[in-house]
Amino acid sequence: MNLFQSITSALDNSLAKDPTAVIFGEDVAFGGVFRCTVGLRDKYGKDRVFNTPLCEQGIVGFGIGIAVTGATAIAEIQFADYIFPAFDQIVNEAAKYRYRSGDLFNCGSLTIRAPWGCVGHGALYHSQSPEAFFAHCPGIKVVIPRSPFQAKGLLLSCIEDKNPCIFFEPKILYRAAVEQVPVEPYKIPLSQAEVIQEGSDVTLVAWGTQVHVIREVASMAREKLGVSCEIIDLRTIVPWDVDTVCKSVVKTGRLLISHEAPLTGGFASEISSTVQEECFLNLEAPISRVCGYDTPFPHIFEPFYIPDKWKCYDALRKMINY
Amino acid sequence: MRKMLASLVSHVFSGVNQKPAMRGLLASLNFSNDTTCDITKCDLYRLEEGPPTSTVLTREEALKYYRAMQVIRRMELKADQMYKQKFIRGFCHLCDGQEACSVGLEAGIRPSDHIITSYRAHGLCYTRGLPVRSILAELTGRRGGCAKGKGGSMHMYAKNFYGGNGIVGAQVPLGAGVAFACTYLGNTEICLTVYGDGAANQGQVAEAYNLSALWKLPCSLSSERIATTQWARLSREQQPNTDYHKRGNFIPGRKANGMDILCVREATKFAAHYCRSGKGPILLELQTYRYHGHSKSDPGISYRTREEVQSMRSKSDPIMLLQERRRNSNRSNVEEWKEIDADGKKEIEEAAQFATTDPEPALEELANYSCTTKKK
């Protein structure tokens, strides 16, 4: 299955297992602009898979309401770039519901899905990676898969998790990433990073599409520099798996974090800060962050903006030679 | 026909004595070349009277509107072609079919008035004064583009034209703000805030209605109703009230035929006059149609049939309707239309040539204009 098919499969499993589950968002009825909800309306009915008007704030607020009554709400925001009208609902309502009601109420059965990240031609409003804005908000979980197999397992975990979750789907991988994915439901635990390649000289951390970039960088490093890299896919941005990352840095002494989102205030800064607190004496070199520039996501300049393998390789080399 | 008349006249006047019968004939011939046209009555909401139901279309106006609509039509089709050839990438939202809206809106206001709209902006970019070459070069991301190649299709700007906005509905509160500035600065300018079916459901649009009415802002909120919202057919599934001109509740509104440029012009003139007189905001709903899908990734026939699109093209095409008006009153000159067509075609070809050969912006531009250190 490719990525969008694995998402459809996860949603299919959810709707089949949980009679209270509903899917809603802009254009989801016909299958969605990225085909993630194809066939679901025909299979489960228009009461359970339905379109909303164009109103992100309304969509999320409405989703919170559904979740508060105990039903499972799976809301789709058409592009992560459009999530900002719903920011208040997510941060002030969804994230704080359980806390402010002393656990009397919660909207844990809310999951918000949104296509995320650069796609080659998305420009300012179809390419953003806003995970850092939400990482700053206690009370929600933010999850980003790197592949179809990961996506299905993580999405099912998000849907069943008792906290409101935001699930960002790398849109560039919707068709490009293909792998074997079980048809039956399965879960991948949240807040657990995965070491996808072990190494001894430097730790590389990324999530989503960027994991594939650093994989390539690791091969380049092995070939050209004889350097052994440990690659970690963070998977859950918040609450993130501090232990796995720190354990790796204690072993290697060097850390490079990479993401498409702009450098300043990007999630790499949080990881960097925590790791230097926990592993200060183990560090052989300053922690390196290879990220997007502090500008809006450009139209024509995209190839220069994104943290490609050359920028990552260059930063890695500097760290090795520090 | 005119040449024939002219020769007849000169022949008559060359005679020593004018015959009375001929004098009578001459008197009855109208050489002004203006056409008086009937226009459909607008649906009104909270308004005692609406725009006029007939107007005069002068020859100059007819030719000007025809040229503008033809250029926009050709420009959009050229953009479509260039997209397929991969000169244009990213997002491209075409407005062919909606030419009467951009040209009509512009015809109803002054150049010193302000306009803000959504991402389907190429038509208004042109009517607001951007040359075709700067629009196409912006689409191809070159330095000769109106936003220096940094904005692309959705982000084009000109004097008194605030874009070109990607996020649906986000332009509406901005439009209210521009209108506020007009009042604040004490000029008689207004702001035409244009949006589509989908935006009508955004919360911030309701907020903009409220603010405009509260402070009596000279804001003419114009919705281009194409009966589709992005990829879905406009339906009760989207909103219980599909009469956009009534959605302002306490704000008066009217609905006009957006395929008829004279209807759009008169409705806009009426709205502009209303706003300028300090009465506050007014809603204008233009029923129009786009021939292409929402964007280049939408074939446009998953939620409507090819037959429907064809039918609109053959019965309601705005350029055809304008030509028909002139033809019906025997004011049409086929030669003139053809000359304009040829001229427009040449303009588009030159612009396309420029757009594909102009260099891309320099890499140093990547970080430029994020913030400024200029002192005010």
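First the proteins, then the strands, lettered A, B, ... as listed; each starts at 1. Side-chain atoms are counted along with the backbone in the values below, which use heavy atoms only and exclude waters and symmetry mates.
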ask   = Is the count of non-hydrogen atoms from other residues, nucleotides or ligands lying under 6.0 Å from R100(A) atom CZ greater than 12?
value = yes
Here the gap from C118(A) atom SG to I172(A) atom CD1, rounded to the nearest 0.5 Å, amounts to 5.0 Å
CD (E76(A)) and OG1 (T37(A)) are apart, to the nearest 0.5 Å, by 6.0 Å
Per-residue tally against chain B (heavy atom, under 4.5 Å) across P298(A), P296(A), G122(A), S127(A) peaks at G122(A)
Under 4.5 Å to a heavy atom of chain B? For E56(A) that would be both
Between [X] and [Y], does any side-chain N to carboxylate O distance fall below 4.0 Å?
X	Y	answer
K311(A)	D308(A)	no
D243(B)	R247(B)	no
R290(B)	D96(B)	no

Honestly, the part of E360(B) sitting under 4.5 Å from a heavy atom of chain A is side chain
Under 4.5 Å to a heavy atom of chain A? For A206(B) that would be neither
Against chain A, residues from residues 133-148 of chain B with at least one heavy atom under 4.5 Å, in numeric order, are E138(B), L139(B), T140(B), G141(B)
(Q) Using 30° and 60° as the class boundaries, would you call the ring planes of H121(A) and F91(B) parallel, tilted or perpendicular? (A) tilted
message = Check the orientation of F168(A) and F134(A). Use parallel for under 30°, tilted for 30 to 60°, and perpendicular for over 60°.
response = tilted
